[in-house]
Undergrad: 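Pasting in a structure now, in structure tokens, and then I'll have a few things to ask.
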Protein chains: 2
Amino acid sequence: MPRSGTAPGEAGNVSISAVARQAGVSVATVSRVLNGQAVVKAETRDKVMAAVDALGYRMNHLARNLRTAASRLLLTMVPDVGNPFYAEIVRGIDSVARQQGYFVLLCDTGADPGRERSYFDLLRTRRADGAICLDPDTVQQALAEEAAPLPWVACCEFDPEAAVPYVGIDNRAAAREAVQHLLARGHHRIALINSDERFLYARQRRQGYRDALTDAGLRLHPEWQVNVRSLDFAAGAEAAAWLMALPEPPSAIFAVSDTLAIGVLRGLRDAGRRVPDDVAVIGFDDIALAAQVDPPLTTVAQPMRELGETAARLLLQRLAEPGVAVPGMLLPHRLICRASA
Amino acid sequence: MPRSGTAPGEAGNVSISAVARQAGVSVATVSRVLNGQAVVKAETRDKVMAAVDALGYRMNHLARNLRTAASRLLLTMVPDVGNPFYAEIVRGIDSVARQQGYFVLLCDTGADPGRERSYFDLLRTRRADGAICLDPDTVQQALAEEAAPLPWVACCEFDPEAAVPYVGIDNRAAAREAVQHLLARGHHRIALINSDERFLYARQRRQGYRDALTDAGLRLHPEWQVNVRSLDFAAGAEAAAWLMALPEPPSAIFAVSDTLAIGVLRGLRDAGRRVPDDVAVIGFDDIALAAQVDPPLTTVAQPMRELGETAARLLLQRLAEPGVAVPGMLLPHRLICRASA
DNA sequence: ACCAAAAATGTAATCGATTACATCGTGGAT
DNA sequence: ATCCACGATGTAATCGATTACATTTTTGGT
């Protein structure tokens with residue numbers, strides 16, 4: 001193995017003062033060149049640059065960050081990186097962050113307050129400049145109390161009462177529309193498969209579901225409203241099986257997440273029901289997979305990428321102008337009609 | 001809005017010297033207490049701890065890291081965070097890293113060498129202590145050349161010739177077994193849907209596919225071997241449609257990734273073929289979704305979590321003992337027979 | 001040729017920790 | 001009483017950058 005190694009000045013241990021020595025100037029000048037300040041003579045700049053790549057110098061950002069008190073790292077805390085919904089939001093965040101010269105430190109909290117805290121400490125100790133939190137608003141509450149002045153924003157999940165900037169959608173209205181769509185197709189026995197109600201969206205979508213039914217003059221059936229503890233396919237499949245085993249099973253199911261809805265499709269198939277003929281299904285999010293399953297899933301689309309981008313922009317804005325209050329904002333959703341309902 | 005703020009010592013700008021002043025001791029003593037050194041008297045320790053939480057002190061890790069030349073950050077570079085396969089590996093990495101007191105900085109490179117480089121610079125400039133790379137081995141090559149001495153390891157994708165520790169599976173053997181399974185079910189017209197051959201696994205699995213066919217004395221049909229440019233569902237669906245439009249379409253399809261295979265299922269359905277009766281399908285990875293689709297997917301399982309855990313352990317080991325050579329290792333795969341083949 | 005203003009560069013303090021080394025007390029051996 | 005060893009603590013250098021301020025050089029006007 002011909003370990004060619006790093007070509008010029010051996011390893012990456014070259015400091016700014018080594019460069020200064022090599023170039024025959026002071027560290028200040030080197031620093032100025034490196035930071036693109038206009039006040040250096042072209043000739044000197046060249047000498048410095050020559051020294052820089054003669055020695056293979058690379059700046060130690062730790063030192064710079066210590067001095068400038070900025071890390072150019074943005075924390076992003078998500079309950080589950082594996083969920084395609086969050087993955088897409090993260091892409092949105094990443095794209096605007098990179099564009100502004102920030103790196104994104106992605107953390108999978110599993111919606112666990114303990115891990116959330118430990119990650120959040122990165123912000124407190126200045127290892128990150130700002131944070132975007134997608135965790136349940138109930139776990140955010142604790143943070144909001146003790147960390148209100150720190151630069152962070154909430155995405156998807158938020159407490160409208162808190163002084164923390166946020167971006168999300170109008171979950172209640174969106175859920176109502178979804179259920180109304182089902183009603184319009186003639187369904188009266190409509191079930192709700194909801195997730196952990198620590199999530200704001202879960203509570204809001206339940207509200208929307210109830211709004212639609214009561215508006216239509218229908219009675220709420222408690223056993224048609226089920227809560228599952230996780231958002232994976234299996235949870236959806238189980239819930240569907242359970243609903244179908246009811247003496248009076250529903251003829252339509254509204255699941256608050258596409259992953260659940262896809263599990264529901266599976267559960268219904270196993271229970272021998274055809275979709276949408278026997279049971280209609282409607283999901284939420286419009287993840288890429290939703291269009292691929294059989295039948296393609298009717299769902300409420302969230303502008304995932306934009307949610308991420310907006311969150312990042314909000315945060316960057318807050319970082320740039322620490323004083324000014326950044327407003328919360330809601331992005332539009334859209335009902336996508338496919339074959340499952 | 002009752003902005004209670006951070007309770008005690010105002011913001012997080014308290015330094016170690018402030019604590020020292022408050023406690024009436026020197027900074028050295030405070031540092032010793034904070035780092036759990038045994039040489040401080042219990043009485044002093046208490047004074048210090050009292051001062052610490054009187055002022056709400058939190059250590060500035062930038063400063064500490066500058067001094068100790070360690071960031072306790074591990075870089076993880078993946079081609080696509082949204083892919084459930086990578087997501088699970090990342091979980092494995094994260095779990096062992098956290099356990100050892102490291103944070104994971106997750107980077108979505110999109111398999112783009114430019115972004116890869118820019119992230120890799122975090123390592124060079126000591127903002128991260130080590131890195132795990134899951135990008136195509138062709139993009140790794142460049143890194144291997146110039147960054148061989150830096151502490152990083154390869155996961156899934158690797159160059160066996162390079163001096164970089166790695167963990168992966170025996171893709172060639174795994175692919176051969178998959179195709180042999182198809183052969184054993186009486187299929188002779190077997191297609192391969194492969195991904196970007198910049199990936200080592202793509203090249204190795206193609207080899208395995210060919211091995212199995214030639215071992216069985218079958219001729220290779222060039223038009224039954226298609227390469228797609230991305231791993232998403234749509235790519236699989238398109239490829240399947242294309243294959244079915246052939247004058248002599250295959251009776252079985254081996255897709256090198258479950259996401260592709262799931263797209264294939266969709267494509268076959270659209271083309272009016274039943275699975276597995278008309279066409280058998282076999283995937284690769286065994287992502288969670290594979291068991292949920294209709295029909296449940298036969299696939300080659302990779303130990304995703306273990307791959308991640310092992311990669312992290314390899315890296316940590318390399319960090320702990322910089323001198324010693326860490327070997328490459330292969331983990332076992334397993335054929336999971338479900339209904340699609 | 002001279003001087004002030006402007007431009008370029010250098011000096012040294014600083015960010016907030018760690019840690020080698022120096023110093024101070026105190027108790028036990030002689 | 002003297003001295004030493006050792007435990008506890010303090011002093012100050014250090015990590016590698018940025019930057020206010022001081023100093024030197026250049027420029028241009030007369």
Side-chain angles (χ1 to χ4, degrees), chain A residues 9 11-49 51-52 55-73 121-129, chain B residues 9 11-49 51-52 55-73 121-129:
Chain A
N13 312 309
V14 214
S15 75
I16 198 173
S17 60
V19 175
R21 211 172 315 121
Q22 164 97 4
V25 300
S26 76
V27 290
T29 303
V30 176
S31 174
R32 282 188 274 253
V33 170
L34 263 31
N35 292 290
Q37 306 228 12
V39 288
V40 271
K41 213 197 295 182
E43 184 191 350
T44 321
R45 186 200 323 281
D46 294 345
K47 271 196 305 193
V48 170
M49 292 316 283
V52 161
L55 276 67
Y57 167 77
R58 327 219 102 226
M59 183 162 61
N60 180 327
H61 284 256
L62 281 177
R64 181 223 276 263
N65 295 341
L66 172 59
R67 190 59 230 263
T68 59
S71 64
R72 299 205 77 84
L73 245 42
D121 267 357
L122 290 171
L123 229 200
R124 285 207 193 75
T125 59
R126 317 273 164 183
R127 297 218 282 165
D129 290 350
Chain B
N13 312 310
V14 215
S15 74
I16 198 173
S17 60
V19 175
R21 210 174 312 122
Q22 164 97 3
V25 300
S26 76
V27 291
T29 303
V30 176
S31 174
R32 281 188 275 255
V33 170
L34 263 32
N35 291 291
Q37 306 228 13
V39 287
V40 271
K41 214 196 296 182
E43 186 190 348
T44 321
R45 187 200 322 281
D46 294 345
K47 271 196 306 191
V48 171
M49 292 315 284
V52 162
L55 276 69
Y57 167 78
R58 330 217 101 227
M59 183 163 64
N60 180 326
H61 283 256
L62 280 177
R64 181 223 276 262
N65 294 341
L66 171 60
R67 190 60 231 260
T68 59
S71 64
R72 300 205 77 85
L73 245 42
D121 266 357
L122 291 171
L123 228 199
R124 285 208 192 75
T125 59
R126 317 273 163 183
R127 298 218 281 165
D129 289 350

Undergrad: Which nucleotide in the list C:dT9, D:dT18, D:dT9 gets nearest to the side chain of B:V40?
TA: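 The nucleotide sitting nearest to the side chain is D:dT9.
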Undergrad: So which atom in A:A51 and which in A:Q22 form the shortest heavy-atom distance, rounded to 0.1 Å?
TA: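 Nearest heavy atoms, A:A51 then A:Q22: CB-CG, 3.4 Å.
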Undergrad: Round to a whole Å and report the spacing from CD1 of A:I16 to P of C:dA12.
TA: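 Value for this atom pair: 17 Å.
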Undergrad: How far apart are the closest heavy atoms of B:Y57 and B:V14, and which atoms are they?
TA: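 So the two residues come closest at CD1-O, 3.2 Å.
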Undergrad: Assign each of B:S26 and B:A63 to its nearest nucleotide of DNA chain D by heavy atoms, then name whichever residue's nucleotide is nearer the 5' end.
TA: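 By nearest-heavy-atom nucleotide position, the 5'-most residue is B:S26.
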Undergrad: Does B:S31 make a side-chain N or O approach to OP1 or OP2 of C:dT18 shorter than 4.0 Å?
TA: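 Answer yes for this pair, as a side-chain N or O of B:S31 is under 4.0 Å from OP1 or OP2.
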Undergrad: Quick check on D:dC15: is either OP1 or OP2 less than 4.0 Å from any side-chain nitrogen or oxygen of A:N60?
TA: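 Checking D:dC15 against A:N60, no side-chain N or O comes under 4.0 Å of OP1 or OP2.
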Undergrad: Grab the CG-C1' distance between B:N65 and D:dT14 for me, whole Å please.
TA: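 For the pair B:N65 CG and D:dT14 C1', the rounded distance is 15 Å.
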Undergrad: To the nearest Å, how far apart are B:R32 CZ and D:dG7 C1'?
TA: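 For the pair B:R32 CZ and D:dG7 C1', the rounded distance is 11 Å.
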Undergrad: Go through D:dG16, C:dT11, C:dT9 for me and flag the one nearest to the A:K41 side chain.
TA: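 Output: C:dT9.
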Undergrad: Taking B:V27's backbone N and O only, do any of them form a donor-acceptor pair with B:S31's side chain (distance below 3.5 Å, no angle check)?
TA: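 No; judged by distance alone, with no hydrogens or angles, the pair does not exist.
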Undergrad: Looking at every non-hydrogen atom in both residues, tell me the closest pair between A:R72 and A:D129 and how far apart they are.
TA: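 A:R72 and A:D129 have their closest heavy atoms at N-OD2, 2.8 Å.
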Undergrad: Can you measure B:R67 atom CZ to C:dT18 atom C1' for me and round it to whole angstrom units?
TA: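 Between C1' of C:dT18 and CZ of B:R67: 5 Å.
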Undergrad: For the pair made of CG in B:L34 and P in C:dT18, what is the distance, rounded to whole Å?
TA: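 Rounded to whole Å, this separation is 7 Å.
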Undergrad: Does B:T44 have a side-chain nitrogen or oxygen under 4.0 Å from the phosphate oxygens OP1 or OP2 of D:dA8?
TA: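 Negative; the distance criterion is not met.
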Undergrad: Return the value, rounded to whole Å, for the distance between atom CG of B:L66 and atom P of D:dT14.
TA: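 That distance rounds to 14 Å.
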Undergrad: Give a yes/no on whether any side-chain N or O of A:N35 is located under 4.0 angstrom from OP1 or OP2 of D:dT18.
TA: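 Indeed, a polar side-chain atom of A:N35 lies that close.
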Undergrad: Would you kindly give the CD-to-C1' distance between B:E43 and D:dT9, to the nearest whole Å?
TA: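 So the CD-C1' distance, B:E43 to D:dT9, works out to 13 Å.
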Undergrad: Are OP1 or OP2 of D:dT9 and a side-chain N or O of B:T29 less than 4.0 angstrom apart?
TA: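 For B:T29, the contact criterion (side-chain N or O under 4.0 Å from OP1 or OP2 of D:dT9) is not met.
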Undergrad: Under 4.0 angstrom, heavy atoms only, what part of the nucleic acid is B:V25 near: base, sugar-phosphate, or nothing?
TA: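 Counting heavy atoms under 4.0 Å across all strands, the contact made by B:V25 is with sugar-phosphate only.
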Undergrad: How do A:S17 and B:A42 order along DNA chain D: which one's closest nucleotide is nearer the 5' end?
TA: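 Checking each residue's closest nucleotide, the 5'-ward one belongs to B:A42.
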Undergrad: Could you check how far CZ of A:R21 sits from P of C:dT9, rounded to whole Å?
TA: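 That distance rounds to 19 Å.
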Undergrad: If every non-hydrogen atom of B:L73 is compared with every non-hydrogen atom of B:R127, which pair is closest and at what distance?
TA: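 Between these two residues, the closest heavy atoms are CD2-O, 3.6 Å.
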